[in-house]
Structure formats: structure tokens, C-alpha cells
**Q** 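Got a structure for you, questions after.
Being a predicted model, the structure only gives us computed values, none of them experimental. Side chains included, hydrogens not; waters and symmetry mates left out as well; all remaining heavy atoms used. Starting from 1, each residue takes its place in the sequence as its number.
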Amino acid sequence: MNNLNLVWNSEFETGIEIIDEQHQRLFSYLAEIDRSIKDQDPENVELVVHALVNYALSHNSFEESLMEKANYPMFEAHQRIHESFKQRANEYLNRLEQGTDPLKVAEQVRIYIGLWLISHVKQEDQDYVPYVKKIMHSGNRFTALVSRIFGKAA
């Protein structure tokens, strides 16, 4: 097993509570993939890989909605990065559907998505933070919507 340390810590924080919680959830999925690989549990690992990919894609869409509302000037570039991720992540799901060994796919997912997540959160995501924080602290309707959906202020 690769010694890649995929544990959430404060260096990944954006200061946007809902985004940080979603990022933490992604790290939790990676930890679950680790456990399933160590337990040699191909059925569970396949379920978790699907859950991770689906959650990551949903999270990226949510981030894009925030960036768009905030008029983030690099929105389209960030969206292209997310689209590239989506294509790669869907390739892993396709490989599982084609019968590739789930444990092998999971190890690749763990490394690729883990490294991507670390890099993306520490670099590209940090760039949109000031723009999103500005709209979230302005008391506009978008903040109220996020609060209604997630039960708290973003």
C-alpha cells in the first residue's frame, strides 16, 4: 500500500465552513477506501469508489455555483479543471463496470483523487475563497439559500 497520507488537517481549510465540511467528507471517503483495500473487500471498495466519485462531482458543482454567484474571474478556468477531473473519475467508474479488479481500481483512485484533492484544495480552491467569502458575508439571498439547504450559514 502506498504511504500517501490522505488525512484532513488545517492546511486544507478555506475558511468557508460548508466547503471545508465537504472537503473533509472527501477525505473520509478516501480513508474508507484505504480500509476496504486493507480488508481486501472488493464489494465495499466498489461501493465507496462510486460514492466518492459521485460526492466529488456533486461538490465540484456546488463550488461552481458559489464561484459563479461570486463573479469569480477565473470561474471558467476552474470549471475546466473540474471537467478534466470528472472525465478521469468517470474513467475509473467505467473500468469497474467493465470488470477490472475493484481493489486495483481503488488503489489508483485513492492515489489519483487523493493527490488531486490535496493539490486542488491547497491551490485552485484557495484562489476563489476571497470572492465567495465576500458574497457570503454580504447577507444576500444566496447565503440564505445555502443556510436553508444545509441548515446553517455557509
Side-chain angles (χ1 to χ4, degrees), residues 1-38 44-94 96 105-154:
M1 170 100 28
N2 188 299
N3 289 329
L4 180 62
N5 185 15
L6 299 172
V7 177
W8 171 267
N9 66 58
S10 61
E11 69 183 291
F12 302 119
E13 289 178 1
T14 64
I16 301 170
E17 185 179 358
I18 190 67
I19 294 296
D20 289 341
E21 288 174 359
Q22 290 177 7
H23 287 161
Q24 287 176 40
R25 182 70 186 116
L26 291 167
F27 278 88
S28 294
Y29 277 119
L30 291 167
E32 181 62 27
I33 286 174
D34 261 352
R35 281 189 292 280
S36 295
I37 291 170
K38 287 176 186 165
N44 191 57
V45 86
E46 193 166 343
L47 290 172
V48 178
V49 167
H50 277 274
L52 168 63
V53 169
N54 290 331
Y55 190 84
L57 298 179
S58 173
H59 163 72
N60 286 350
S61 293
F62 179 72
E63 272 188 352
E64 289 172 14
S65 70
L66 292 178
M67 288 183 277
E68 192 170 30
K69 284 285 185 192
N71 294 314
Y72 176 52
M74 297 298 292
F75 169 71
E76 289 179 5
H78 200 114
Q79 193 175 37
R80 283 191 298 274
I81 291 167
H82 283 172
E83 185 58 33
S84 175
F85 171 85
K86 179 180 179 178
Q87 289 173 4
R88 181 76 179 265
N90 281 327
E91 287 175 18
Y92 291 119
L93 296 183
N94 291 337
L96 287 173
V105 173
E107 182 63 31
Q108 293 168 356
V109 163
R110 179 188 172 277
I111 293 168
Y112 171 74
I113 291 182
L115 289 173
W116 187 89
L117 181 63
I118 288 169
S119 172
H120 189 70
V121 169
K122 289 173 74 173
Q123 295 173 16
E124 289 94 0
D125 281 359
Q126 296 300 326
D127 293 340
Y128 75 69
V129 167
Y131 297 90
V132 170
K133 279 185 172 181
K134 186 175 179 183
I135 66 157
M136 294 188 131
H137 297 298
S138 67
N140 65 18
R141 290 183 297 182
F142 186 72
T143 303
L145 174 65
V146 171
S147 181
R148 275 200 314 269
I149 292 170
F150 294 100
K152 62 182 152 211

**Q** Is there a side-chain contact between Asn71 and Ile135 in this structure, where contact means two heavy atoms from C-beta onward sitting under 4.5 Å apart?
**A** no

**Q** Take atom CD of Gln24 as the centre, draw a 6.0 Å sphere, and report whether it contains more than 12 heavy atoms from other residues, nucleotides or ligands.
**A** yes

**Q** Atom NZ in Lys133, atom CG in Leu66: separation rounded to 0.5 Å?
**A** 13.0 Å

**Q** OH/Tyr92 to CG/Leu52 distance, rounded to the nearest 0.5 angstrom?
**A** 11.0 Å

**Q** What is the distance from atom CZ of Phe12 to atom CD of Gln126, rounded to the nearest 0.5 Å?
**A** 10.5 Å

**Q** Report the distance from atom CG of Asp20 to atom NE2 of His23, rounding to the nearest 0.5 Å.
**A** 7.5 Å

**Q** For residues Tyr131 and Ala70, report the shortest heavy-atom separation together with the two atoms involved.
**A** O-CB, 3.4 Å

**Q** Do Val53 and Ile113 make a side-chain contact, defined as non-hydrogen atoms from C-beta onward lying under 4.5 Å apart?
**A** yes

**Q** Between Phe85 and Trp116, what is the shortest heavy-atom contact and its length?
**A** CD1-CD2, 3.4 Å

**Q** Are Phe27 and Ile118 side-chain neighbours, meaning at least one heavy-atom pair lies under 4.5 Å?
**A** yes

**Q** How long is the straight-line distance from CG of Asn54 back to CG of Leu93, given to the nearest 0.5 Å?
**A** 6.5 Å

**Q** Any side-chain to backbone donor/acceptor pair from Glu107 onto Asp34? Under 3.5 Å, distance only.
**A** no

**Q** Has the side chain of Ser65 got a donor or acceptor atom that lies under 3.5 Å from a matching backbone atom of Phe62?
**A** yes

**Q** Ring of Tyr29, cation from Arg25 - is the NZ or CZ under 6.0 Å from the centre and inside 45° of the axis?
**A** yes

**Q** Between His59 and His82, is the gap from one ring center to the other below 6.0 Å?
**A** no

**Q** Test Lys86 against Asn60 for side-chain contact (heavy atoms from CB on, under 4.5 Å), laying out the working first.
**A** CA-CA 9 Å; Lys86 179 180 179 178; Asn60 286 350; over 6 Å; no

**Q** With a 4.0 Å cut-off, would you call Arg35 and Glu32 a salt bridge?
**A** yes

**Q** Give a yes-or-no answer on whether the side chains of His78 and Asp127 include a donor-acceptor pair shorter than 3.5 Å.
**A** no

**Q** Please check if atom OH in Tyr55 has more than 12 non-hydrogen atoms from other residues, nucleotides or ligands closer than 6.0 Å.
**A** yes

**Q** What's the shortest heavy-atom distance between Ala106 and Val45, and which atoms?
**A** CB-CG2, 3.1 Å

**Q** Answer yes or no: is there a side-chain heavy-atom contact under 4.5 Å between Leu30 and Leu26?
**A** no

**Q** Work out which heavy atom in Ser36 is nearest to a heavy atom in Asn44; give both atom names and the distance.
**A** OG-ND2, 2.6 Å

**Q** CD1 of Ile81 to CD of Glu124: how many Å apart, nearest 0.5 Å?
**A** 4.0 Å

